Participant: 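Quick one: structure below, then a few questions.
Bear in mind that the values here come from a model prediction, so they are computed numbers and not experimental data. These numbers come from the heavy atoms of this one structure, side chains and all, not from hydrogens, waters or symmetry mates. Both ligands and their constituent atoms are indexed starting at 1 by order of listing. Residue numbers run from 1 in the order of the sequence given.
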Amino acid sequence: MIYAAIMGFGTIGSGVYEVLDRNREQVAAAAGQPVEVKYVLDLRDFPGTAVEDKVIHDFSVIENDPEVKLVVETMGGLNPSYPFVKACLLAGKHVSTSNKALVAAHGTELLAIARKKGVNFQFEASVGGGIPIIRTLYRCMAGDRVSEITGILNGTTNYILTKMDREGWSFGQALKEAQALGYAEQNPEADVEGYDTCRKIAILTALAAGKEVDYREIPTEGITNICAEDLRYADTLGLALKLVGTSRIQGDKVSVRVAPLLMGKENPLYGVNDVYNAILVKGNMLGTSMYYGSGAGKLPTASAVVADMIEEAQNLDHHVPMGWSGEKLALQTEDTAVYRYFLRIAGKFEELHQMVEHYLGDCQIALLEGLDEFAVLTDAMEKSAFEQALARLNEVLAQAGSRTVQIIHGEA
Ligand code: HSE
């Protein structure tokens with residue numbers, strides 16, 4: 001028997017308990033022995049439930065119990081998860097977490113402690129929910145050099161964009177539904193402003209590059225500026241709009257960004273809808289691969305946490321090499337990156353389109369009935385060239401009493 005403790009018995013923590021219970025025999029066979037939850041740490045009691053007798057409110061009980069070998073952190077946030085996880089590792093316990101905020105902010109230090117203490121700090125559930133992307137990067141692609149990772153990494157925003165597009169729901173209605181389904185973060189700002197995607201792409205980039213990535217340096221744009229008209233224009237242009245995190249890795253030159261991206265049908269991410277996540281990974285030997293599945297939700301995420309617990313149970317007496325070093329990765333700006341650009345321009349198409357194409361070059365045009373505006377999609381342009389052209393265009397548009405009302409990056 002191997003004893004475990006679950007810190008935080010919310011959606012994911014209670015899911016971990018359920019997976020361990022429902023798949024008890026399979027987990028025991030894979031782990032080499034039965035896994036028993038000894039403690040559940042939470043501020044609440046859970047009277048009348050299966051964990052009633054396991055609930056504790058004092059962390060030191062876990063820290064000081066040598067019988068507890070596996071600890072699950074599903075509290076979220078940094079405080080007290082960071083000091084608790086650190087103390088568990090220092091006490092020689094293995095830890096698995098679903099908490100990307102913790103991994104992005106303190107992963108380097110926690111991995112170093114795990115290495116030193118000969119234990120494991122694992123975080124498969126922190127990116128892509130139930131999709132096994134972390135293990136894919138550190139194990140399955142160990143012999144490959146990753147050149148690009150582009151992921152739809154946030155289930156809540158993918159769900160919101162899908163519902164706004166297909167059902168015509170408002171942003172607020174879709175967010176409320178995502179919260180009710182247990183997809184959203186406690187503070188949904190982390191989802192809709194792109195902060196959650198930012199931390200996830202930072203973790204994937206650090207794993208691929210083997211160096212620490214400071215998520216605060218990643219240019220991040222969420223979906224709060226996206227409106228129903230943008231999605232309607234995208235439909236007429238045959239494009240889908242997704243919030244993606246992208247990193248391009250060419251030796252020491254690495255650029256990372258988070259932003260909404262318009263993409264065509266030939267992109268494998270085009271058809272990834274609802275709460276699903278998908279991660280496109282390009283390797284110098286593997287070529288292009290894509291990993292698809294449930295990116296949020298109780299049991300998919302809990303399944304990934306339990307997989308970590310099993311790997312830890314299989315490696316109780318040593319550290320499994322994974323993660324990244326303390327050396328910091330210098331992120332590059334994207335000046336030479338090439339995109340197509342989608343712009344909505346206020347005013348009459350007949351009066352303004354020649355002016356727009358004079359500065360931006362030949363464009364695809366989209367018009368929606370009843371709106372005193374039009375949209376254009378440029379050909380592929382270098383980011384710096386687009387910014388210069390846009391500055392000049394905005395000046396002449398202002399003189400004509402018009403303005404740009406939306407700009408969204410499109411894949412080249
Ligand atoms: N709020 C996150 C999402 C949960 O919607 O993807 C999973 O990390």
Participant: Quick check: are there more than 12 heavy atoms from other residues, nucleotides or ligands sitting under 6.0 Å from CZ of Phe374?
Facilitator: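 Enclosed: over 12 neighbouring heavy atoms sit under 6.0 Å from CZ of Phe374.
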Participant: How about Phe123 and Phe121: are their ring centroids closer than 6.0 Å?
Facilitator: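 Between Phe121 and Phe123, which both carry aromatic rings, the centre distance is below 6.0 Å.
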Participant: If I apply the N/O under 3.5 Å rule, does Ala184 come out as touching ligand 1?
Facilitator: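 The answer is no, given that Ala184 and ligand 1 share no N or O pair closer than 3.5 Å.
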Participant: Which atoms of ligand 1 have any heavy atom of Lys100 under 4.0 Å away?
Facilitator: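 Per the distance check, 4 (C), 7 (C), 8 (O).
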Participant: For ligand 1, which atoms, with element, lie under 4.0 Å from some heavy atom of Ala296?
Facilitator: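 The atoms of ligand 1 under 4.0 Å from a heavy atom of Ala296 are 3 (C), 4 (C), 6 (O), 7 (C).
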Participant: Can you report which non-hydrogen protein atom sits closest to atom 5 (O) of ligand 1, along with the distance?
Facilitator: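 Checked against all protein heavy atoms, atom 5 (O) of ligand 1 sits closest to Thr156 OG1, 2.6 Å.
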Participant: With heavy atoms of Gly155 as the reference, note each atom of ligand 1 found under 4.0 Å away.
Facilitator: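 Contacts of ligand 1 toward Gly155, numbered from 1: 3 (C), 5 (O), 6 (O).
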Participant: Output, in order, the C-alpha distance, side-chain angles, deciding distance and verdict of ring-ring contact (aromatic ring centres under 6.0 Å, His included) for Phe386 and Tyr339.
Facilitator: CA-CA 9 Å; Phe386 170 73; Tyr339 290 99; 9.6 Å; no
Participant: At a 4.0 Å threshold, what atoms of ligand 1 neighbour a non-hydrogen atom of Gly295?
Facilitator: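 Counting atoms of ligand 1 from 1, those under 4.0 Å from Gly295 are 6 (O), 7 (C).
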Participant: Do NZ/NE/NH1/NH2 and the carboxylate oxygens of Asp308 and Arg135 come within less than 4.0 Å?
Facilitator: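 Yes, charged N to carboxylate O under 4.0 Å.
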Participant: Only heavy atoms of Asp191, strictly under 4.0 Å: list the atoms of ligand 1 that pass.
Facilitator: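 Answer for ligand 1: 1 (N), 2 (C), 3 (C), 5 (O).
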Participant: Tell me which pairs pass salt bridge (Lys or Arg N to Asp or Glu O under 4.0 Å) where either residue lies in residues 235-251, with sequence neighbours left out.
Facilitator: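 Pairs touching residues 235-251 that pass the test: Arg248-Glu334.
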Participant: Kindly state each residue pair satisfying side-chain hydrogen bond (donor to acceptor under 3.5 Å, both in side chains) with at least one member in residues 382-391, sequence neighbours excluded.
Facilitator: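 Checked against side-chain hydrogen bond (donor to acceptor under 3.5 Å, both in side chains) - neighbours excluded - the pairs reaching residues 382-391 are Lys383-His409.
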Participant: Backbone or side chain, does any N or O of Ser126 fall under 3.5 Å from an N or O of ligand 1?
Facilitator: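 Min N/O separation from ligand 1 is not below 3.5 Å for Ser126.
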Participant: Would you say Gly129 touches ligand 1, if touching means a heavy atom closer than 4.0 Å?
Facilitator: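 Gly129 does not count as a contact of ligand 1 under the 4.0 Å cut-off.
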Participant: Check each atom of ligand 1 against the heavy atoms of Glu185 and keep those under 4.0 Å away; list them by number with element.
Facilitator: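 Once the distances to Glu185 are compared, the set is 1 (N), 2 (C), 4 (C).
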Participant: Hey, what do you get for CE (Met75) to CG (Leu41), rounding to the nearest 0.5 Å?
Facilitator: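 Spacing of CE (Met75) from CG (Leu41) equals 6.5 Å.
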